[in-house]
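To start, the structure under review is shown below, and the notes come after it.
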Amino acid sequence: MEDLKDKEKRLTESLLALERVVVAYSGGVDSAFLAATAHRVLGDDAIAATAVSPAVAERELAEAEELARLFGWNHVLIETHELAREEYARDDPHRCYWCKTELFDMLGPLARARRAEIAVGTNLDDLSDYRPGLAAARERNVKTPLADAGLTKAEVRALSRESGLPTADKPASPCLASRFAYGVGVTREGLRRIDRAEEVLRGLGFVEFRVRDHGDLARLEVPRADLERAASLHDQIATALRALGFRYVTLDLAGFRSGSLNEVLTPTVRRSS
């Protein structure tokens, strides 16, 4: 089996070969590690660019900015306008494709001005998941240095820990639009409601969870070990989420599953990504 240090060396070599990069940096585990490595290897020829959008939780944006300041990265904020794209707002299974299309369209001018390549934190595990955004990246020749180096999510976490990155053990936190059941429709108000609903759960001490938006119904996913505790707080949670506009609040007894909304997709739809 290939040694982790060999993969890290391959990542370093691939970044050196790119010479200049704009890293699509969300503040998550993968993009933070890629941004850190790019700045270590390329110095001022690396930029970390963060999308500012209603689909990005306020807490996530603040943490991404703070991490970039802490490590002294070249960091810029780029406004994206995916909600203006009808294909995105209608919330079909290809929504992620249009989200990434908007992101890359907005990063394009910055990359061209610096004669740089755009790079994303896609890891090897992502390639076997349903991720329509990967098609948008391929179409625009966006680089995937972590996946190309053969780095899995667990390996990115391990290397992040060695690098002293506080994101090493950070739970996955995809964009807020990923909380909407397909067909519900993505709106600015809905994104704000989901952000506030998840802050309610976070304020009660839950670490890994999702609030899934099914229109009038909020479906809560927490790890199975936390189901009993979540149920014991039913009045507090239901009252808070109803105040945000949900009519019904349910607790999913199957527990937390990353990407659970994709369970309704047929194999044909998954292959189309």
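Since this is a predicted model, take the numbers as computed values, not measurements.
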Notebook entry, point to check: With a cut-off of under 6.0 Å to the ring centre and 45° to the axis, is Arg229 in cation-pi contact with Phe206?
Noted result: yes
**Prompt:** Think Arg212 forms a cation-pi with Phe180, using NZ or CZ under 6.0 Å from the six-ring centre and within 45 degrees of its axis?
**Reply:** no
Nearest-0.5 Å distance, [atom1] of residue [X] to [atom2] of residue [Y]:
| X | Y | atom1 | atom2 | value |
| --- | --- | --- | --- | --- |
| Asp195 | Arg192 | CG | CZ | 9.5 Å |
| Glu60 | Cys175 | CD | SG | 11.0 Å |
| Ile78 | Ile47 | CD1 | CD1 | 8.5 Å |
| Arg95 | Glu87 | CZ | CD | 13.5 Å |

Nearest heavy-atom contact between Leu191 and Ala177 is CD2-N, 3.6 Å
Salt bridge present between Arg179 and Glu198 (N-O < 4.0 angstrom) = yes
### Task
Run the salt-bridge test on Glu221 and Arg219 with the 4.0 Å N-O cut-off and return the result as yes or no.
yes
message: Take a 6.0 Å sphere around CZ of Arg188 and say whether it holds more than 12 heavy atoms from other residues, nucleotides or ligands.
response: no
Residue set satisfying ring pair (Phe, Tyr, Trp, His ring centres under 6.0 Å) with Tyr25, at least two apart, ordered chain then number -> Trp73, His75
- Message: Is it true that Glu82 and Ser53 share a donor-acceptor pair across their side chains at a distance under 3.5 Å?
- Response: yes
Could you tell me whether the side chains of Thr167 and Ser160 share a donor-acceptor contact shorter than 3.5 Å?
no
Test Asp30 against Lys153 for salt bridge (Lys or Arg N to Asp or Glu O under 4.0 Å), laying out the working first. CA-CA 8 Å; Asp30 300 311; Lys153 186 76 167 191; 2.8 Å; yes
The residue among Leu11, Val120, Val23 that forms side-chain contact (heavy atoms from CB on, under 4.5 Å) with Pro145 is Leu11
### Task
Report yes or no: do Leu15 and Leu4 belong to one cluster of Ile/Leu/Val/Met/Phe/Trp/Tyr joined by side chain heavy-atom distances under 4.5 Å?
yes
